[in-house]
Every structure is written in C-alpha cells, then in structure tokens.
Amino acid sequence: MTPVEWAIVVLAVLGAFFGGVAAVGIVRMPDIYTRAHAASKSDTLGAVLTIAAVALALETGLSTIKAVFLVVFMFLTNPTAAHAIARAAEDQGIEPWTTEDDQ
C-alpha cells in the first residue's frame, strides 16, 4: 500500500472511532447538556476525519473541493447547533445533572 492509501485508512478508522464515541456519549450521558457536548465534539471530529479520507481518496478535482467545503460547513454548523440546543434547554428551565441527583 502507498502512503496515501495508509493515510486514507487511518483517517477513515479514526473517523469511525470518533463517530462511535459520539454515539456512546449520546446514549450514556445523563442530561441534554452533556449529550450535546458529546455529540458536537466527537461527531464533528469523526465526520471531518472521514470526509478528509474521502477527499484524499478522490485525489484532485471538483469532488475534493466539495468535500473541503463540507468540512468547513460542518466546523461552522455542528458547534452552532449544539449551542442552540443547549440554550433552548436552558430557556425551557431544564436543570443540569449533578451528583446529588444520584442519591
């Protein structure tokens, strides 16, 4: 395998790993605020790494430029959406989870 093919495999595997971490975070976290954090951070990184693997696999051309624009779009929209969800939860009066809730 060439070094570019190795980079594609590594990026795709890391993207899948962080996507899995985001899914586990959404399922395991106790409240909306920590779930939004897990989803926005890990999911954004996983998607960006996966799209970077796609951009490398496509080499040069219009599809690669579209993939780069998609990465930029995701960096702008995913954190903004997570912030909007957290703000809406706070506006609705949803209290954050604390350790006292377990007792």
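Atom set for the values below is all heavy atoms of this structure, side chains included, hydrogens, waters and symmetry mates excluded.
Nearest heavy atom pair, residue M29 against residue A38, reads CG-CB, 4.4 Å. The minimum heavy-atom distance linking V21 with S42 is given by the pair CG1-OG, 3.6 Å. Contact record, A12 with A53: N-CB, 3.8 Å, taken as the closest heavy-atom pair. Closest non-hydrogen pair, N78 versus S40, comes out as O-CB, 4.2 Å. Closest approach of A36 to A82, counting heavy atoms only: O-CB, 4.0 Å.
M1 belongs to a hydrophobic cluster whose other members, connected by ILVMFWY side-chain contacts under 4.5 Å either directly or through intermediates, are W6, V9, V13. Cluster partners of F69, using a side-chain heavy-atom cutoff of under 4.5 Å among ILVMFWY residues and allowing indirect links, are I65.
Atom-to-atom distance recorded for T44:OG1 and M74:CE is 6.0 Å, nearest 0.5 angstrom. Atom CD1 of residue I26 and atom CD1 of residue I32 lie 9.5 Å apart, to the nearest 0.5 angstrom. Residue T50 holds its OG1 atom at 11.0 Å from CG of L70, rounded to the nearest 0.5 Å. In this structure, NZ on K66 lies 10.5 Å from CG on L58, to the nearest 0.5 angstrom. Put simply, CG on L45 and CZ on F17 are 10.0 Å apart, with the number rounded to the nearest 0.5 Å. In this structure, CZ in R87 is found 11.5 Å from OH in Y33, a value given to the nearest 0.5 Å.
Each of L56 and V68 belongs to its own hydrophobic cluster when Ile, Leu, Val, Met, Phe, Trp and Tyr are linked at side-chain heavy-atom distances under 4.5 angstrom. Linking Ile, Leu, Val, Met, Phe, Trp and Tyr residues whenever their side-chain heavy atoms come within less than 4.5 Å places L14 and V4 in a single cluster. Cluster membership for I51 and I8, using ILVMFWY side-chain heavy atoms within less than 4.5 angstrom, is not shared.
You'll find the side chain of F18 reaches within 4.5 Å of the side chain of L49, heavy atoms only.
Of the possible donor and acceptor atoms, one in the side chain of E5 sits under 3.5 Å from a partner among the backbone N and O of T2. Judged purely by atom type and a 3.5 angstrom limit, D31 uses its side chain to pair as donor or acceptor with the backbone of W97.
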Practice problem: Begin from the C-alpha positions of T64 and E59 and carry the test side-chain contact (heavy atoms from CB on, under 4.5 Å) through to its verdict. | Solution: CA-CA 7 Å; T64 303; E59 296 174 356; 5.6 Å; no
